[in-house]
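Numbers here are sequence positions counted from 1.
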Amino acid sequence: NAIHREYTKIHRVDNLTCVCVSAANTNEARDCCLTTTDNKLPRRVVKSFSIQTVSGGCRIPATVFVTRKNLRLCAPPATNNNWVTKLIKQLKRKSQNGKARKGKNGGILS
């Protein structure tokens, strides 16, 4: 009886749909994807991602991309050579390049 209520949010961006469920718990609230879509998401709209797991308390595994407008889009888990894997690699590469360019005191190196 740890779940007090559930509600569903639906977001649409470029024919991509995110259906998320949020379960309010006495200790924490967790947003989980209920379904995923395999429609490819353009890199230019994505700023970050996270991995959703069943062991983390969600019903299905998924990759959750966060857009520049802070929408959460639910994609399938990353597998060998699918678009999700490629997009994750691009995001990681961009993140590493951004960190490598900063100096010790936060200054940007040329």
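- Remark: I88 CD1 to S48 OG distance equals 11.5 Å, nearest 0.5 Å.
- Within the model, atoms NZ of K92 and CZ of F49 stand 5.0 Å from one another, a figure rounded to the nearest 0.5 Å.
- To the nearest 0.5 Å, atoms CZ (R59) and SG (C33) are separated by 12.5 Å.
- Within the 4.5 Å cutoff, side-chain heavy atoms of V46 are placed close to those of L91.
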Evaluate the criterion side-chain contact (heavy atoms from CB on, under 4.5 Å) for residue pair L73 and T67; output intermediate values, then yes/no. CA-CA 8 Å; L73 302 175; T67 69; 3.5 Å; yes

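- For the residue pair T63 and P77, the shortest heavy atom distance occurs at OG1-CA, 3.6 Å.
- Inter-residue side-chain proximity for R93 and K89 is flagged as met; some heavy-atom pair is nearer than 4.5 Å.
- Linking ILVMFWY residues whenever their side-chain heavy atoms come closer than 4.5 Å, directly or via other members, leaves V84 and I60 in distinct clusters.
- When all heavy atoms of L41 and L87 are compared, the pair lying nearest together is O-CD2, 3.9 Å.
- Taking hydrophobic clusters as Ile, Leu, Val, Met, Phe, Trp and Tyr residues chained together by side-chain heavy-atom distances below 4.5 Å, L34 does not share a cluster with V54.
- Residues W83 and I51 share a single hydrophobic cluster, defined by chaining ILVMFWY side chains whose heavy atoms lie under 4.5 Å apart.
- In this structure, CG in N82 is found 10.5 Å from NZ in K40, a value given to the nearest 0.5 Å.
- For the pair Q52/D31, no side-chain contact is recorded, criterion being any heavy-atom separation below 4.5 Å from C-beta on.
- Of the inter-residue distances, the one linking R43 atom CZ with F65 atom CZ reads 10.0 Å to the nearest 0.5 angstrom.
- Residues T36 and A75 come closest through the heavy atom pair CG2-O, 3.3 Å.
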Intermediate values then yes/no, side-chain contact (heavy atoms from CB on, under 4.5 Å), K47 and V66: CA-CA 6 Å; K47 70 176 182 179; V66 180; 3.7 Å; yes

